[in-house]
Undergrad: 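Input: one structure, supplied below.
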Amino acid sequence: MTSQVLVEKKKLEHPPRDIRYLGDRDLRQSAKRVAQVDADIRQLVREMLQSMYTADGIGLAAPQVGVQKQVIVVDCDLENPATPPLVLINPVIKKFGGDECTYQEGCLSIPGVYLDVKRPEIIEVAYKDERGRPQKMTAKGIVSRCIQHEMDHLNGVLFVDRVENQLALTEELTKQGFSTKDVKSMR
């Protein structure tokens, strides 16, 4: 069966959803579980993917487009049109594994800011796909990091909240015109 949410991996002149930026209250709310995966959810996923591709992103969470639902999309293979994106609805991390690794992250909600964040290397995640079927996967590397980053958004957490180097954080946010008062440090 083919995906019901496939969209072309291309930039649109006018993406269907506007991405919210650091300082927007929508980014700090906890998303609600999706009760039923239906045509409306699949349309949301399509619009999220189109907006993500237009912004050159590899992941997007529904709260980033002002929708407080537990829906994330991930595509770490933007160059390959044959690779379908991941759609995770009501995702739950069941297990963390591997070492904690530090890697530079960015976010479509904080454009131009790239900073080191420490996260577990491997995760096991349970979720529903775009048809509402229960799924489970083990992710590692960039896919694991991207899923963890997007799942943080479902809880009102942004990657800058996890940055340990406060000096670099302040410098980068200031350089891009963002306020440090919008960071909720988890250190």
Undergrad: So do R162 and D152 actually touch side chain to side chain, heavy atoms under 4.5 Å?
TA: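 Counting from C-beta outward, D152 and R162 do come under 4.5 Å.
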Undergrad: Among V73, T54, L60, exactly one meets side-chain contact (heavy atoms from CB on, under 4.5 Å) together with L49. Which residue is that?
TA: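 Of the listed options, the one satisfying the test is V73.
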Undergrad: Do K9 and T83 come close enough that some side-chain heavy atom pair is under 4.5 Å?
TA: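 Contact flag for K9/T83 side chains = yes.
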Undergrad: Is the number of heavy atoms from other residues, nucleotides or ligands within 6.0 Å of OH (Y103) greater than 12?
TA: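 Atom OH in Y103 is not crowded, with 12 or fewer foreign heavy atoms closer than 6.0 Å.
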Undergrad: Closest approach of Y21 and L108, non-hydrogen atoms and distance?
TA: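 So the minimum-distance heavy-atom pair works out to CE2-O, 3.5 Å.
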Undergrad: Using side-chain heavy atoms (C-beta onward) and a distance below 4.5 Å, is M137 in contact with Y127?
TA: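 M137 reaches Y127 side chain to side chain.
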Undergrad: Would you name the heavy atoms of P111 and S109 that are closest together and state the gap between them?
TA: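 Closest approach of P111 to S109, heavy atoms only: CD-C, 3.5 Å.
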Undergrad: Rounded to the nearest 0.5 Å, how far apart are CD of E172 and CD1 of I110?
TA: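 The CD atom of E172 sits 11.5 Å away from the CD1 atom of I110.
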Undergrad: Please examine the side chains of L27 and D182, heavy atoms only from C-beta on, and report whether any two atoms are closer than 4.5 Å.
TA: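 A side-chain contact under 4.5 Å is absent here.
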Undergrad: Look at the side chain of D99 and the backbone N and O of C101, then say whether any donor-acceptor pair between them is shorter than 3.5 Å.
TA: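 Answer holds: no.
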Undergrad: What donor-acceptor contacts under 3.5 angstrom involve side-chain atoms of residues 12-19, with partners at least two apart or in another chain?
TA:
unit_1: R17; atom_1: NE; unit_2: E47; atom_2: OE1; d: 2.7
unit_1: R17; atom_1: NH2; unit_2: E47; atom_2: OE1; d: 3.0

Undergrad: H149: which residues meet the ring-ring contact (aromatic ring centres under 6.0 Å, His included) condition with it, sequence neighbours left out?
TA: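 Scan of H149 (ring-ring contact (aromatic ring centres under 6.0 Å, His included), adjacent residues dropped) gives H153, F159.
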Undergrad: What is the minimum heavy-atom distance between V157 and R28, and which atoms define it?
TA: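 Nearest pair, atom of V157 first, then R28: CA-NH1, 4.1 Å.
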Undergrad: Rounded to the nearest 0.5 Å, how far apart are CZ of R42 and CZ of R131?
TA: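 Result: 8.0 Å between the selected atoms.
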Undergrad: Between T138 and E124 (side chain of the first, backbone of the second, donor and acceptor by atom type, cut-off under 3.5 Å), is there such a pair?
TA: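 A pair under 3.5 Å: no.
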Undergrad: Looking at every heavy atom in both V183 and V160, which two are closest together, and how far apart are they?
TA: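 Closest pair (atom of V183, atom of V160, distance): CG1-O, 3.7 Å.
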Undergrad: Does any N or O in the side chain of D161 come within less than 3.5 Å of the main-chain N or O of K184, such that one atom is a donor and the other an acceptor?
TA: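 Yes; at least one donor-acceptor contact below 3.5 Å.
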Undergrad: Kindly indicate whether the side chain of E171, heavy atoms from C-beta on, has any atom under 4.5 Å from the side chain of L115.
TA: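 Side chain of E171 against side chain of L115, heavy atoms only: no contact under 4.5 Å found.
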Undergrad: Is there a side-chain contact between E150 and P91, using heavy atoms and a 4.5 Å cut-off?
TA: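 No; the side chains remain at least 4.5 Å from each other.
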Undergrad: Around E100, counting heavy atoms of other residues, nucleotides and ligands shown, do more than 12 lie under 6.0 Å from its CD?
TA: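 It does: E100 CD has more than 12 such atoms within range.
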Undergrad: Between R145 (side chain) and E105 (backbone), is there a donor-acceptor pair under 3.5 Å?
TA: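 Checking the backbone N and O of E105 against the side chain of R145, no donor-acceptor pair under 3.5 Å is found.
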Undergrad: The criterion is side-chain contact (heavy atoms from CB on, under 4.5 Å); which residues satisfy it with D40, sequence neighbours excluded?
TA: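 With sequence neighbours excluded, D40 shows a side-chain contact (heavy atoms from CB on, under 4.5 Å) to D38, given in chain and number order.
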Undergrad: What is the minimum heavy-atom distance between A139 and S144, and which atoms define it?
TA: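 Here A139 and S144 meet closest at O-CB, 3.4 Å.
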Undergrad: Any non-hydrogen side-chain atom of Q148 less than 4.5 Å from a side-chain atom of I93?
TA: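 SC-SC contact between Q148 and I93 confirmed.
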Undergrad: Evaluate the side-chain proximity of V143 to L86: yes if any heavy-atom separation is below 4.5 Å, no if none is.
TA: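 Result yes, sub-4.5 Å side-chain heavy-atom pair found.
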Undergrad: Is it the case that atom NZ in K11 sees more than 12 heavy atoms from other parts of the structure closer than 6.0 Å?
TA: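 For K11, atom NZ is crowded (more than 12 foreign heavy atoms under 6.0 Å).
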Undergrad: Keeping the roles fixed (side chain from Q68, backbone from D26), state whether a donor-acceptor pair exists under 3.5 Å.
TA: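 Yes.
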Undergrad: So, the side chain of N90 versus the backbone of R33: is there a donor-acceptor pair under 3.5 Å, distance only?
TA: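 Not a single qualifying donor-acceptor pair exists.
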